[in-house]
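In what follows, chains carry the letters A, B, and so on, assigned in the order in which the sequence lines appear, proteins first and then strands, with residues in each chain numbered from 1. FYI, side chains are in, hydrogens and waters are out, and symmetry mates aren't considered; it's all heavy atoms of this structure. Since the model is a prediction, treat every value here as computed from it, not as a measurement.
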Protein chains: 2
Amino acid sequence: MSSPNREAPSEADYLRLDQQICFSLNAASRAFGSVYRVLLKDLGLTYPQYLVMLALWEHGELPVKTLGEHLRLDSGTLSPLLKRLEAAGLVRRERNAQDERSVHIHLTDEGTALRERALAVPRRIAAATGFDLDEISNLRARLNRLTAALDTAALEENPSCADAVSEK
Amino acid sequence: MSSPNREAPSEADYLRLDQQICFSLNAASRAFGSVYRVLLKDLGLTYPQYLVMLALWEHGELPVKTLGEHLRLDSGTLSPLLKRLEAAGLVRRERNAQDERSVHIHLTDEGTALRERALAVPRRIAAATGFDLDEISNLRARLNRLTAALDTAALEENPSCADAVSEK
DNA sequence: CGCCATTAGATTGTGTGCAATTTAATTGTG
DNA sequence: CACAATTAAATTGCACACAATCTAATGGCG
């Protein structure tokens with residue numbers, strides 16, 4: 001059906017599911033999710049919540065805005081997620097006195113303490129991948145380059161972001 | 001704070017957000033989502049719906065079960081998604097006469113026709129990544145290997161799947 | 001000072017993902 | 001044949017993602 005006269009693969013060949021890099025990416029991301037789900041159940045965290053805790057353990061208290069920049073998430077995702085972390089007693093949300101628009105996220109003692117129990121997670125995840133540290137590092141670099149390229153392309157593609165492109 | 005005596009990095013270093021391969025993966029996956037969202041809006045498809053259509057264009061009619069195996073999705077995700085594709089007039093759902101438990105998904109004429117308009121998508125996506133075909137192929141292979149390793153680890157990790165492991 | 005554009009979060013609505021449960025059909029076994 | 005175990009989908013409940021909208025606070029600028 002495709003490539004009737006054996007030239008370079010036709011456009012049709014690129015519609016094959018197993019050719020889609022995004023599918024491999026998506027599948028790998030969800031496979032990670034399954035492994036994390038098991039490991040994080042003990043800590044009472046979901047995977048996105050774990051990422052938020054990583055950012056807080058690393059930077060201490062953070063405004064929602066900055067947290068979102070670190071995690072590439074907007075307030076539509078973070079607001080309810082942080083509310084659940086607050087309900088779990090891991091963080092506190094405090095209006096900034098200087099700028100009342102801003103909400104700063106603080107770790108509670110319980111949230112700080114949880115870090116000790118999270119220390120074993122990365123090693124167990126690394127073991128689950130079967131990759132050594134160099135391979136992981138290499139793959140991470142490629143993925144980061146890919147993400148940067150896609151971000152640029154998304155801006156160029158979307159006329160509504162023209163300001164953002166030209167302004168920077 | 002970490003690695004006080006300059007040995008190999010301590011466990012604490014591996015809690016850094018920028019060390020998490022899964023975060024890079026997740027970010028790349030979502031960055032792809034943004035680019036696809038723009039390209040697929042014309043076709044009236046979301047990205048997961050596009051993957052379903054790819055599988056159907058490739059294999060013709062498929063039972064939900066098989067579709068789920070191709071896409072690594074269960075009925076909890078596929079049932080409502082397929083209902084939306086049916087509402088959009090792209091697929092039909094038909095009970096199998098031989099096995100009434102099984103539902104087969106067929107392309108409508110409209111669904112088949114949509115393929116023509118999707119042909120340009122992969123090239124535009126490839127362009128957005130800035131990667132050449134070899135790089136994409138290489139990355140895909142690594143990701144597939146990673147996913148396979150994680151799947152294995154997830155089975156070993158989860159006692160409730162012990163049967164599935166030992167049976168095969 | 002007064003007013004408008006901007007900014008930070010929260011909210012709303014839609015669409016996945018996935019665990020757990022439910023329902024209906026089929027299969028295996030005595 | 002009867003009946004328990006299995007299987008395929010659908011359903012339910014929860015938690016992201018993300019676009020779009022809303023609200024409140026801030027920052028210019030005349």
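- With rounding to whole Å, B/Glu94 atom CD is found 17 Å from D/dA8 atom C1'.
- Relative to the ring axis of A/Phe23, B/Arg72 does not place its NZ or CZ within 45° and under 6.0 Å from the centre.
- Each of B/Arg72 and A/Leu82 lies near DNA chain C, and the nucleotide nearest A/Leu82 is the one positioned closer to the 5' end.
- Listed nucleotides D/dT7, D/dA25, C/dG9 differ in distance to A/Pro63; the shortest reach to its side chain belongs to C/dG9.
- Dashed line: the shortest gap from a side-chain N or O of B/Ser102 to OP1 or OP2 of D/dA9 is under 4.0 Å.
- Comparing C/dA25, C/dA10, C/dT16 by their closest approach to the side chain of A/Arg93 singles out C/dA10.
- Rounding to whole angstrom units, CZ of residue B/Arg95 and C1' of C/dT23 are separated by 10 Å.
- Between B/Lys83 and the phosphate of D/dT11, there is a side-chain N or O to OP1/OP2 separation shorter than 4.0 Å.
- A/Lys41 comes within 4.0 angstrom of nothing in the nucleic acid, heavy atoms only.
- Checking C/dT11, C/dT7, D/dC18 against the side-chain heavy atoms of A/Thr77 singles out D/dC18 as nearest.
- At a threshold of 4.0 angstrom between heavy atoms, the contacts of B/Leu78 with the nucleic acid are absent.
- In terms of polar N and O atoms assigned as donor or acceptor, the side chain of B/Ser75 never comes within less than 3.5 Å of the base of D/dA8 in a complementary pairing.
- Taking every side-chain heavy atom of B/Arg101 into account, D/dA8 is the closest of C/dG17, D/dA8, C/dA10.
- Geometrically, B/Arg145 engages A/Phe131 in a cation-pi contact defined by less than 6.0 Å to the ring centre and at most 45° from the axis.
- Atom CG of B/Asp109 is surrounded by 12 or fewer heavy atoms from other residues, nucleotides or ligands within 6.0 Å.
- Across the interface with DNA chain C, nearest-nucleotide mapping of A/Arg30 and B/Glu100 shows A/Arg30 to be the residue nearer the 5′ end.
- Residue B/Lys65 has its side chain nearest to D/dA8 when only D/dA8, D/dC16, C/dG15 are considered.
- A donor and an acceptor atom, one from each side chain of B/Ser24 and A/Asn144, are located under 3.5 Å apart.
- The side chain of A/Asp74 approaches D/dC18 more closely than any other nucleotide in the set D/dC18, C/dA10, D/dT26.
- Distance from the side chain of A/Val103 is smallest to C/dG9 among D/dT26, D/dA9, C/dG9.
- When each of C/dA24, C/dA19, D/dA19 is scored by its nearest atom to the side-chain atoms of B/Arg37, the top-ranked nucleotide is D/dA19.
- For C/dA25, the OP1/OP2 oxygens have no side-chain nitrogen or oxygen of B/Gln98 closer than 4.0 Å.
- Under the 3.5 Å distance criterion, the side-chain polar atoms of B/Thr108 are matched with a main-chain donor or acceptor of B/Gly111.
- Of the candidates C/dG9, D/dA17, D/dA25, D/dA17 carries the atom nearest the A/Pro48 side chain, counting heavy atoms from C-beta on.
- Within the 4.0 angstrom heavy-atom criterion, only backbone atoms of the sugar-phosphate kind lie near B/Thr46; the bases stay farther away.
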